[in-house]
Amino acid sequence: MDNSATRNDPLSPPVAYDPTAIERKWQRIWQQRGTNHTDLQRAQRPFYALMMFPYPSAEGLHVGNLFAFTGNDIYGRFQRLMGHNVFEPLGYDAFGIHSENYALKVGVHPMELIPRNIENFQRQLESAGLMVDWRYRLATTDPSYYKWTQWLFLKLFDQGLAYRKKAAVNWCPSCKTVLANEQVVSGGFCERCGTEVEQRLLEQWFFRISDYAPRLLDNLDHIDWSETTKTAQRNWIGRSEGAELKFETRKVSGEACEIRVFTTRPDTIYGATYMVLAPEHPLVEPLTTAKEKKKVDAYRERTTKQDLVARKTSTDKTGAFTGSYAINPATGKEIPIWISDYVLMEYGTGAIMAVPGHDQRDFDFAKEFDLPIVRVVRGERDDANTPLDEAFAEGENGTLVNSGMFDGYDVDAAKKAIVEYLAKAGSAKPVVNYRLHDWCISRQRYWGPPIPIIYCEDCGTVPVPEKDLPVLLPFIEDFKPDDSGVSPLARHEEWYRVACPKCGKTGRRETDVSDNFLDNSWYFLRYPSVGNDEVPFEKSVTKKWLPVTSYIGGNEHAVLHLLYSRFLTMVLHDAGHLDFEEPFTRFRAHGHIIREGAKMSKTQGNIVNPDEYIEKWGADAFRTYLMFLGPYEQGGDFRDASISGSRRFLDRLFASVQSMTADGEPDHEVMRKLHQTIRKVSEDIPRLSYNTAIAAMMEYINVVRRGERTPHRDEVLPLITLVAPFAPHIAEELWEQNGGKGSIFDSAWPTFDPALAADDMIELVVQVNGKVRSRVTVPRDIEEKEALVAALEDSAVAKFVTGAPKKVIFVPGRLINVVV
RNA sequence: GCGGAAGUGGCGGAAUUGGUAGACGCGCUGGACUUAGGAUCCAGUGGAGCAAUCCGUGGGGGUUCGAGUCCCCCCUUUCGCACCA
């Protein structure tokens, strides 16, 4: 469709911008010519532009997906125009509870439903005009993919990083499966369905991510990530420095033993007036005296039954006395040992020394059970004699009192001195503790990769040999989970009965599947090697393309996907499979879009369906609008009424190209503005400041068309390239109309001439006493003396200046401020 | 409670290092062209005032020739985490 003939014919009506036809045309051409294909082998300047892949829900592509992908696509297209070989793959995160729950709801088997959803997604994504090389598309549900997910599990198992243990785990009674800590949100609700989570004691598979806590934390200082994401990871890893102290117990019943506690405040040990163990602490049993047994057992019974939410939201203190006492190693005094659910088994050692004078929780507990409260730190203006009505907790810059030989020490010095002193007796050592727990990866569900383990009566836990991978997920009709604590696969003996790979005796497969977050914690390694069934990631192509150059995604994955990916990359690095240990060199978190000031939700019926908008406005206008509605890293407010602005911009661009002339010379001032625009857009795209880049281009087109002038070719053509990352179809069309060869994306990004972009004459702001009084037009490089003369000549300024100025402040090129 | 982000016209949002507050877009007002236009184009658009001018970036102080921007104290919204010793 060559418009050049009609364009020059004054009798035919102007050709209008028809996005539907143009977009269809170019999507077809891209496919035919392989425009979006990247030659992974021969690429000279590899640039891996990764976006977080979607799970293919039945509802179809969400506008949030498109917002995320478009932002990445613009960055990728820009980098290609800058001369990089950009690889922009996309795939489907199709395993997991979300997909499975939906399948259950609509009564369609996921093996049927998922391919259907993927097909729909594929259609939607292709209509959005993304520069994706679909030859490297993957789906985590594909056996050729999850074979390697299982391989990954085996690697961790080999290294002793995957282990099985009976533990109190988070159980979602609605999803009927365990959840990782990261999937329990708002203090005790299932991330997926919002149901209150229960605690259950079950045998589960874990990955030792906590071993990597120090490295996961330290490396954050060296990677180029959004600060918000790094902060979230730092908080989640939760490093705290302190000491582990040992308390001997007095023999009450049975043998004496010692209780280890973790504290960040060893300086307050003289104020430790009692101890508390978590109800499930193993020492509770031996320490409980016959007299107290009934009460203790009742309390333990109560706390295990209690759901997490009640336990975590209430700050009321409950507990029971064990009947035993421990010796405070500093004071030598006997202190009672209690149990309470405010002490968590999962953190530290599951036991604390309680210092009610300086910890609010201990204070509340002491008040409840009438335990002694001793002040051992005083503040600067504080005599430490007045009784406390709350714990004196912010005592970090306090001084020790009632602490024997340490009286008068400041808190920091005391922390060190007391640990050193107690260490001599072997009852203290400095310790660093992390909040990060091991990652529970087994799920009692159907829709995931089976964990490749076989249990044998003689050989025990046996990994499935690599050559037998993948362990295929069988098709079963009754995939609905139940409350039994085991996967639906456990109902299928024909599947789980297998020969032990070691001895050949009949064994039993592990029937749990792995967490969905394991599927997606390594997919970026797979893309460049898609199609290779011999290895998970081929060596040379991995070396060339990884780590990922640029990753853009949602911050909701800050402590899930993004942390797990880093962990697994480190593990693979340590095992010699990768030569880097951080997967994503650069990560930027994008914002989220709301609609008309409200959250988008199905129940509110305000979901934006991309199909309708693309059909009505065109993908280019839709993309441009999504990027224009707010700063990309902050998200923004989607308003239907505003899309017309983006469409008008493209209309005007299209019209300008149709009406432009090659005759004569371009206007000097317009060309100056053009170079300023090139500079602005070139600076804004790398900062992901897409909204201001678009604003600059809009401003420019207004200048080009001002007063219905006929624009010159030289004024307009470079703008087509500037627009190309945002609106690729119209850019290709206009490029072709003007004799461009091949794809515009194989051409070069325009450069700007700094000399031309600089204005000769500027508007110098004139202030009197800091208030703007006037503006004078002066040469850009005017000196202070001349500027002052020009300023004082201005009548609006002269009015305010009587006599000689006291002081003059001159900012070259900007303003002059006369102080009188 | 802890941690993060943010409070700017009617609305979405601009504003390198402190230096013209409100770019750009939506909406609105007026006009042009039109049989008509929800199309297109032009002009205007923070508030008050005829005007000179004054007031304006959540509130209150401060630093400075000059503060949306820096400092102190509050208030609000929002998102994470949450009895982490």
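Proteins get letters first, then strands, A, B, ... in listed order; numbering begins at 1 in each. All figures in this text were calculated on a predicted structure; none of them were measured in a lab.
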Please determine whether side chain to side chain donor-acceptor pair (under 3.5 Å) holds for the pair Asn235(A) and Arg435(A), giving the CA-CA distance in whole Å, both sets of side-chain angles, and the decisive distance to 0.1 Å.
CA-CA 9 Å; Asn235(A) 290 342; Arg435(A) 287 187 37 180; over 6 Å; no
Stepwise side chain to side chain donor-acceptor pair (under 3.5 Å) test for Tyr299(A) and Thr318(A)
CA-CA 9 Å; Tyr299(A) 184 74; Thr318(A) 57; 2.7 Å; yes
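Base pairing of C54(B): its partner is G47(B), meeting the Watson-Crick or G-U wobble criterion (both donor-acceptor distances under 3.5 Å). Pairing of G3(B), defined by two Watson-Crick or G-U wobble distances under 3.5 Å, is identified with C79(B). Nucleotide U35(B) is matched to nothing when pairs are restricted to Watson-Crick or G-U wobble geometry with both distances under 3.5 angstrom.
In this pair, Phe365(A) and Phe369(A) present their aromatic rings tilted. The plane angle is within the 30 to 60° band. Classified by interplanar angle (parallel below 30°, tilted 30° to 60°, perpendicular above 60°), the ring pair Tyr632(A)/Phe67(A) is tilted.
In this structure, CZ of Phe638(A) is placed 14 Å from P of G13(B), rounded to the nearest angstrom. Residue Asp637(A) contributes atom CG, which lies 13 Å from atom C1' of G25(B) at whole-angstrom precision.
For C65(B), its base never sits under 3.5 Å from the side chain of Lys806(A) at any donor and acceptor pair. Side-chain atoms of Gln767(A) and base atoms of G19(B) include a donor and an acceptor less than 3.5 Å apart.
On the P atoms, C70(B) is 32 Å away from C26(B), given to the nearest whole Å. Nucleotides G10(B) and G47(B) have their C1' atoms positioned 13 Å apart, rounded to a whole Å. Between the C1' atoms of A39(B) and A32(B), the separation comes to 14 Å (whole Å).
Arg652(A) comes within contact range of the sugar-phosphate backbone alone, with a heavy-atom separation under 4.0 Å but no base atom that close.
Among the nucleotides C26(B), C83(B), C41(B), the one closest to the side chain of Ser644(A) is C26(B).
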